Amino acid sequence: MRKFSEVSSVKSAHLKIRPMNLFFIKRVIPLFLLCLIFGCSAAKVTNVNHNEFPANCISEKETRIQDSKELLDCIPPSKNAKGHTIGFLEDSKDDIKTKETDGEQYLLDAALDYCKASQEFWAEGYLNKAIDALDQAYELILKVDPESDPEFIQQKEDLRFMISKRILEIHASRYTAVNGNHKAIPLIMNSHVKQEIQNFQGREKKFFIESYKRSGKYRDEIVNALKEAGLPEDLSWLPLIESGFKVKALSRARALGLWQFIPSTGYKFGLNRDTWIDERLDPAKSTAAAISYLEELHQIFGDWTTVLAAYNCGEGRVLRKIRRQKINYLDNFWDLYEKLPRETARYVPRFLATLYIIKDPEKYGITLGEPDKPIAYEVVTIDKQVNLKTVAGKLDIPAKDLAALNPELRYNVTPGIPYAIKLPMGKGEILLAKIADIPAWSPPKRAYVYHKVRKGESLSIIALKYHTSVRNIIQANNIRKKHFIQSGQKLKIPVAGRKVPKLLAKGAATLHNGKYAVRKGDSLWLIARKFNTTTKKLYRLNNLSSTRLHVGQQLQITKEKFQTKSKKKEMYCVKYGDTPSQIAGKHNISLSQLFHINDLDIGCKIYPGQVLAVSN
């Protein structure tokens, strides 16, 4: 009975709750379905637009994005960067912290991926995003423990260097990348350019016209090389201000060739230099090196005016000036111009002035004329060391023409290895046919060998060693004191069997009567050296009382002639206070006779110690 009553009470309670459950279900289920529908639709929209622009970003891109932060959010992934590039940039800092537990190598790999991403964004023109990627990379390498494995430390330092270099390059180009046109050099007219134009119209007009004429020999090849490299053709006029289109032009800084390379920069861009060859002198090879250098500079600076300045004085100096300037120098190159060395400062306006004149010479009153025609040539490889003069004789061509085609040969002699020699068109087969008949070149035997004096050595010991005489060594080295040589001194030793040439200066010739007329810059010691005599002999022959000499004064050089003349002539040594008229009166001759006997001009001056003939 009790069980039945309990069951009936539970049943009655259940029946009371049921209407409440039905009411709850009617209200909750529709709400649940509504949430489910909106949730699915939201999820569907997100999936569809995962790899596309949001609508607001598309409209902003069409109106040209100004804010770098919006650009960072709106940039689509490139084809090369769809995977790891964007994936890493979308990682949150929380995700990175969790991944740090994977070890030091993960941090370094992640930093490297950020660097790769930065390079790809920079190539696409997204400079802000590229810098952000480098910032993330740097933040990662700072987390590498400095006391960890040395291999990790080396990787960290390598990445640090690469990141700093990339940031410098991006900052240098960020204000010009948006311009889009890097194939043209902007022509700017200002006071600096006008001044250089006036120079070319005035005192440098002859240089400009002659340089333009020489440009015809080389410019066609230069233009073709620039076109192939995708660089502005106007750069083909750079050698005009560098070297005047002179192949062998040499500057005070030892820069050589059309493009004026110093040895170190030439080596950097593949121009070899050895005993026989200096490739800085070869127009084609130096042009290729110059193009490589200009391309590298443009990657660093981004605008051609700064590139030209760096080409002249080096990228290091320009970068230092930029760092000190503290303004956006590429917005106004002429702010940087004011801080450069004078020679470099003139370089850019000088080049721009050249372009203005070349494009419209009549406007600036310059008649350029016809440029020289390029010399057609062919290349033949020979492995025999020959002299160009001998080759030219076999080919019946002027030796200077063959030398002009091969300016890189320092001594007009091919090296003893296979060498591609340039010949006039049609002469290649002739040379190959006659190469066996052309004698191999051998260097001439030197008249001297060189000896470095060691401690304890004397001239007699050195002479004995080289089978020569002390006198020959003294004469070859102009040694004034026979026993005065120093340890470490370098001596020229005449080779046995060869006559030692007398050291006569150019133009140092005696007069017909054995006398020498003193010239500007002469001294008694120099005159004695010119004629292989001593100052003591000159003192004695000329009865000199001091070493003072005067321009036009005649000195007796040879003793024999002096003696023969002295039998016929009476000589007089000029004293202080003497005049020509007094001397003539003392010796009973006329003034004109005194001038005639001594080859003196009317109105000339005489000096104490000077010896004059006073009789026929």
Side-chain angles (χ1 to χ4, degrees), residues 206-225 236 239-240 242-251 254-261 266 271-290 368-444 506:
K206 183 179 179 181
F207 162 79
F208 191 93
I209 294 173
E210 290 178 351
S211 300
Y212 176 80
K213 186 179 179 182
R214 285 189 293 267
S215 70
K217 296 180 181 179
Y218 315 105
R219 190 169 172 271
D220 288 346
E221 286 191 3
I222 295 174
V223 169
N224 292 335
S236 62
L240 189 145
E242 280 282 354
S243 60
F245 279 100
K246 292 181 180 179
V247 174
K248 295 190 176 182
L250 179 66
S251 73
R254 313 303 296 172
L256 187 63
L258 281 181
W259 295 92
Q260 292 290 281
F261 278 100
L271 297 178
N272 297 320
R273 182 177 181 271
D274 56 27
T275 304
W276 308 107
I277 293 174
D278 191 336
E279 291 182 343
R280 294 179 295 167
L281 295 168
D282 185 274
K285 294 176 183 177
S286 62
T287 296
L368 295 177
E370 290 295 324
D372 295 338
K373 294 181 179 179
I375 302 174
Y377 64 87
E378 58 181 314
V379 179
V380 174
T381 302
I382 58 174
D383 54 6
K384 192 175 186 180
Q385 192 168 26
V386 293
N387 190 296
L388 293 186
K389 188 175 182 180
T390 307
V391 174
K394 291 289 184 180
L395 299 178
D396 295 325
I397 59 175
K400 64 178 183 178
D401 292 349
L402 188 58
L405 285 173
N406 300 274
E408 69 175 359
L409 296 176
R410 300 177 65 186
Y411 304 108
N412 289 333
V413 175
T414 60
I417 57 175
Y419 177 74
I421 186 172
K422 296 176 183 176
L423 302 169
M425 292 298 294
K427 299 294 183 179
E429 293 183 359
I430 299 174
L431 176 62
L432 293 177
K434 294 183 176 181
I435 190 67
D437 299 330
I438 298 176
W441 179 85
S442 58
K506 187 176 180 181

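Note that the structure is a prediction, hence the values are computed from the model and not measured.
Here the shortest heavy-atom pairing between Gly426 and Ile430 reads O-CD1, 3.7 Å. Scanning all heavy atoms of the two residues, the minimum distance from Phe207 to Leu240 falls at CZ-O, 3.4 Å. Closest of all the heavy-atom pairs between Ala399 and Ala392 is CA-CB, 3.6 Å. Of all heavy-atom pairs spanning Pro407 and Val247, the tightest one is CB-CG1, 3.5 Å.
With contacts defined as side-chain heavy-atom distances shorter than 4.5 Å, the pair Leu423/Ile397 does not qualify. Two residues are said to be in side-chain contact when any heavy atoms from C-beta on lie closer than 4.5 Å; Leu258 and Glu242 fail this criterion. For the pair Asn272/Ile277, no side-chain contact is recorded, criterion being any heavy-atom separation below 4.5 Å from C-beta on. Under the 4.5 Å side-chain criterion, counting only non-hydrogen atoms from C-beta, Ser215 is in contact with Tyr212. Put simply, the side chain of Tyr419 reaches to within 4.5 Å of the side chain of Glu408, judged on heavy atoms. Annotation: side chain of Gln385 is in contact with side chain of Val413 (closest heavy-atom distance under 4.5 Å). At a threshold of 4.5 Å between non-hydrogen side-chain atoms, the residues Pro239 and Trp259 count as touching. When side chains are defined from C-beta on, Leu409 counts as touching Pro415, because their heavy atoms get closer than 4.5 Å.
Residues passing the side-chain hydrogen bond (donor to acceptor under 3.5 Å, both in side chains) test with Ser236 are Arg219, sequence neighbours excluded. Under the salt bridge (charged side-chain N to carboxylate O under 4.0 Å, His left out) criterion, Lys422 pairs with Asp282, sequence neighbours left out.
To the nearest 0.5 Å, the span separating CD1 on Ile222 from NZ on Lys217 amounts to 13.0 Å. Between the CG atom in Leu395 and the OG1 atom in Thr390 there is a gap of 11.0 Å [rounded to 0.5 Å]. Here the CG-CD distance, from Leu256 to Gln260, works out to 7.0 Å after rounding to the nearest 0.5 Å. From Lys434, atom NZ reaches atom NZ of Lys427 across 8.0 Å, with rounding to the nearest 0.5 Å. Going from atom OG of Ser243 over to atom NZ of Lys246 covers 9.0 Å, rounded to the nearest 0.5 Å. In this structure, CD1 on Ile382 lies 4.5 Å from CD1 on Ile435, to the nearest 0.5 angstrom.
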Review point. Which is it for Leu271 and Phe261 under the side chain to side chain contact (heavy atoms under 4.5 Å, CB included) test, yes or no, and what are the steps along the way?
Key: CA-CA 9 Å; Leu271 297 178; Phe261 278 100; 3.8 Å; yes
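Of the candidates Thr381, Val379, Leu388, Val386, Ile421 forms a side chain to side chain contact (heavy atoms under 4.5 Å, CB included) with just one, namely Leu388.
Between the side chain of Asp220 and the backbone N or O of Gly216 there is no donor-acceptor pair closer than 3.5 Å. In terms of modelled atom types and a separation under 3.5 Å, the side chain of Arg410 and the main chain of Asp278 share no donor-acceptor contact. At least one donor-acceptor pair under 3.5 Å links the side chain of Thr414 to the backbone N or O of Lys384.
Ring orientation note: the planes of Phe245 and Tyr218 are close to parallel, at an angle under 30° on the 30°/60° scale.
The environment of Glu429 atom CD is sparse: at most 12 non-hydrogen atoms of other residues, nucleotides or ligands sit within 6.0 angstrom.
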